[in-house]
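Structure first, then comments.
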Amino acid sequence: MPVVDLRAAAAAAAVCIALFAAAAAAQDIQPADVLVKNVTLEVVEIVKRDKDIQAGDRRKVVELIEAKVVPHFNFTAMTASAVGTQWGKANAEQKLRLTEEFRTLMVRTYASSIAAYRNQRLDFRPLRAKPTDTDVTVNVRVLQPGTEAVKIDYDMEKTARGWKVWDVRVADISLTANYRTEFANVVRDSGIDGLIRILQAKNSKALERTPVAGAERK
Amino acid sequence: MSGLWAGVRGGRGARLKVLLAAFALVLASGCATTNGSDPRDPLEGFNRSMYAFNDAFDEAIGKPVASAYKSTLPEPVRGWVRNFFANIGDLFIGLNNLLQGKPADSVNDWARFAFNTIFGVFGINDIASEMGLEKHNEDFGQTFGRWGSPSGAYLVWPLAGPSTVRDSAGGLLDLYFDPVRRHQPDDARLFAGLLRAVNQRADLLDASRILEEAALDKYLFQRDAFLQRRRGLIHDGNPPRESPSSRERMNPRLQAEPGAPAADRLFEEPAAAGAAVAEQAHSYEPRLPANYEAVVAASRVRR
């Protein structure tokens, strides 16, 4: 057999395998509840093992969230939900900047919550949804003796690149809806740019302050 | 925080007079700044001054005492304190579940009380939870809400914190039945009331730090969180979602303009072009949380 043919065959085979792998990847979307469980357990495991995080190293918590959690969130949808009816008034660039600032705020809040984690037991509730649903709520409960369980709901939507979170409700408090009145007031008084400025100021003030929530953990 | 209130009530005399004087001062200063822009919060000026008073009190006394308490007592001991008062609470949680037409839940609550009191050593161990008897959260304010009472105006009470007209009425009943408040002699009551309040505050240290991180305007953030939370509690964690028709009506106003950037482009490497296009069509539509209409109605401002 001529060498050229062999090479062509190998190349063809490689292309086939690559295509097949791509197709498989497209098919292989983790169910929403499995995704939440895996990500949560992974993050909790890392937090438990990492001495720096336990000592209150804020930068490391943020890095952890950026790497493990952020890819599963749709921050544009979250920002739109927080800004509410005024979202339509923002132009494309303002939307980008709003999203960027709101994302920073969310990541920081999330970091504080993770730093406050104290080995509570987690209860991953079975998903109540049909397999064809593209919009589901995944429910996790944090159990502690002496107090009722704290419910965490992740509102998630199926996209071509897996399930994405578009709202988080902690004890029935929606993180995005909770900003809506406040954001509406700011936009009314000083416009979209005013809101961007205020968020920037809030974020940079938090940067200056040295850490940390959860530093005095016991 | 109602525990703190009960505790302070126990210690009558000079302390109360000082508090009342401070309270009157703050009240006088606050009324000038009323700007009631939110229909749920017509007394915003008054509430904001109460909030400022509570915040100052918390900074000066609440937080330092709670932090010292937390660093002095190890978690197991604080757990006993928490469980002890939670166990007493189960009695009236059961009553409220009965009043709300959930007899199975009240049996659960009273069984918790029986097991924890007898086998959990006066309730300091929550063995009922380990047996699968879940702790509930009920009070008279929730019962009134369940019966159809609207929440009424948002109110911030000195020391007791966020409430509404309905929840204040409920809170008075909670206080009336509170076994700690009815306890004799006075000294024991004062001690128990303060211990409960300090333990509660210590448990909330992390939460209040997160509030500081998250909020632009702490007053608004706390108010909206409180109202969302109470709504959730009244419906036992399943507040009704808005109807699909109202969803559709609201959606167009929120939709992105054509050609807006794909949702995830901000924080991810540009994916394969096909996927990005598919996603743009799919996910760039803001969704509405369950209480969307209520919040929009509330934030529709008049000046």
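Treat the numbers as computed from the prediction; the structure is a model and nothing was measured. Scope of the values below: all heavy atoms of this structure, side chains included, with no hydrogens, waters or symmetry mates. Sequence lines set the chain letters: A, B, ... in the order given, protein chains first and strands last, and positions in each chain run from 1.
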Please determine, among B:Leu233, B:Asp203, B:Asp126, B:Leu227, the option with the most heavy-atom pairs under 4.5 Å with chain A.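 So the answer, after comparing B:Leu233, B:Asp203, B:Asp126, B:Leu227, is B:Asp126.
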Which one, B:His136, B:Glu134, B:Glu130, B:Arg82, leads in non-hydrogen pairs under 4.5 Å with chain A?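 Top option by heavy-atom pairs under 4.5 Å: B:Glu134.
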Shortest non-hydrogen contact from B:Gln228 toward A:Ser174: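 Minimum heavy-atom separation between B:Gln228 and A:Ser174: OE1-N, 2.7 Å.
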Check whether any side-chain heavy atom of A:Ser112 lies under 4.5 Å from a side-chain heavy atom of B:Arg209, and answer yes or no. no
Given the options B:Asp41, B:Asp217, B:Asp224, A:Thr181 meets side chain to side chain contact (heavy atoms under 4.5 Å, CB included) only with B:Asp224
When A:Asn185 is tested against each of B:Asp38, B:Leu216, B:Leu220 for side chain to side chain contact (heavy atoms under 4.5 Å, CB included), which residue passes? B:Leu220
For B:Phe115, I'd like to know if atom CZ has over 12 heavy atoms of other residues, nucleotides or ligands within 6.0 Å.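 For B:Phe115, atom CZ is not crowded (no more than 12 foreign heavy atoms under 6.0 Å).
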CZ of B:Phe84: more than 12 outside heavy atoms within 6.0 angstrom? no
Is it the side chain or the backbone of A:Arg141 that comes within 4.5 Å of chain B heavy atoms, both, or neither?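 Contact with chain B is through the side chain of A:Arg141 alone.
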Any chance you could measure B:Gln222, atom CD, to A:Asn178, atom CG, to the nearest 0.5 Å? 10.5 Å
Output all residues satisfying side-chain contact (heavy atoms from CB on, under 4.5 Å) with B:Gln100, sequence neighbours left out; order by chain, then residue number. B:Asn96, B:Asn97, B:Lys102, B:Glu138, B:Gln142, B:Thr143, B:Arg146
Are B:Glu213 and A:Arg58 close enough for a salt bridge, meaning some N to O gap below 4.0 Å?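 Judged by the 4.0 Å cut-off on N to carboxylate O distance, B:Glu213 and A:Arg58 do form a salt bridge.
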Sort B:Arg112 into side chain, backbone, both or neither according to what part of it lies under 4.5 angstrom from a heavy atom of chain A.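 Neither part, no heavy atoms under 4.5 Å.
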Name the region of B:Ala128, side chain, backbone, both or neither, that has any atom closer than 4.5 Å to a heavy atom of chain A. neither
For the side chain of [X] and the backbone of [Y], is there at least one donor-acceptor N/O pair under 3.5 Å apart?
X: A:Asp172; Y: B:Arg229; value: no
X: A:Tyr179; Y: B:Ala214; value: yes
X: B:Asn137; Y: A:Glu148; value: no

Determine all donor-acceptor pairs shorter than 3.5 Å in which one atom belongs to a side chain in residues 62-69 of chain A; sequence neighbours excluded.
from: A:Glu63; atom 1: OE2; to: A:Arg59; atom 2: NH1; distance (Å): 2.8
from: A:Glu66; atom 1: OE1; to: A:Arg103; atom 2: NH2; distance (Å): 2.6
from: A:Lys68; atom 1: NZ; to: A:Glu42; atom 2: OE2; distance (Å): 2.9

